[in-house]
Amino acid sequence: MSDFESDFDEDVSDNSFDSDVSNSDAAPVPGEIAGVTADRLRGFIERIERLEEEKKGLSDDIKEIYAESKSLGFDTKIMRKIVSLRKLETQERMEQEELIEVYKHALGMG
């Protein structure tokens, strides 16, 4: 569960939102939802949409690089594994490699 989801669940579970809305005699302000203006919300949504477009563009670029490397004879599955290993800290990578060796040995693979 993401931080947002857990924060949201906590906010909903305390029912403060429900009590504020249901017990309020004041009419809601047009363009405002629970104290958040519609313009502010629209701004957040538009920023997310722009970032999603950028993310899609980057993903397409990465796919093109893998396709190019594959056409030159590189094994893209191994390349992807190397990329994921390089993201790890040295100690964590070494621990994983050691565990892989232990498991392979236990299964008679090496």
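Bear in mind that the values here come from a model prediction, so they are computed numbers and not experimental data. Along the sequence shown, residues are numbered consecutively beginning with 1.
Using a 4.0 Å cut-off between charged side-chain N and carboxylate O, E52 and K55 make a salt bridge. Salt bridge present: K104 and E101 bring a charged side-chain N and a carboxylate O closer than 4.0 Å.
The CD atom of E46 sits 9.5 Å away from atom CG of D39, with the distance rounded to the nearest 0.5 Å. Expressed to the nearest 0.5 Å, how far CG of L88 lies from CD of E95 amounts to 10.0 Å. With values rounded to the nearest 0.5 angstrom, E98 atom CD is found 10.5 Å from I100 atom CD1. For the atom pair CD1 (I78) and CG (L85), the distance works out to 10.0 Å, reported to the nearest 0.5 Å. K56 contributes atom NZ, which lies 15.5 Å from atom CG of L51 (distance to the nearest 0.5 angstrom). The distance from the NZ atom of K81 to the NZ atom of K77 is 12.5 Å, given to the nearest 0.5 Å.
Following chains of ILVMFWY side-chain contacts shorter than 4.5 Å, one can reach I62 starting from M79, so the two form part of one hydrophobic cluster.
At least one donor-acceptor pair under 3.5 Å links the side chain of T37 to the backbone N or O of R40.
Within the 4.5 Å cutoff, the side chain of I45 has heavy atoms near those of the E49 side chain.
A search for salt bridge (Lys or Arg N to Asp or Glu O under 4.0 Å) contacts involving K87 returns nothing, not counting sequence neighbours.
In summary, of the residues considered (E89, Q96, Q91, E97), a side-chain contact (heavy atoms from CB on, under 4.5 Å) with R93 occurs for E97 alone.
Minimum heavy-atom separation, Y66 to V83: OH-CG2, 3.7 Å.
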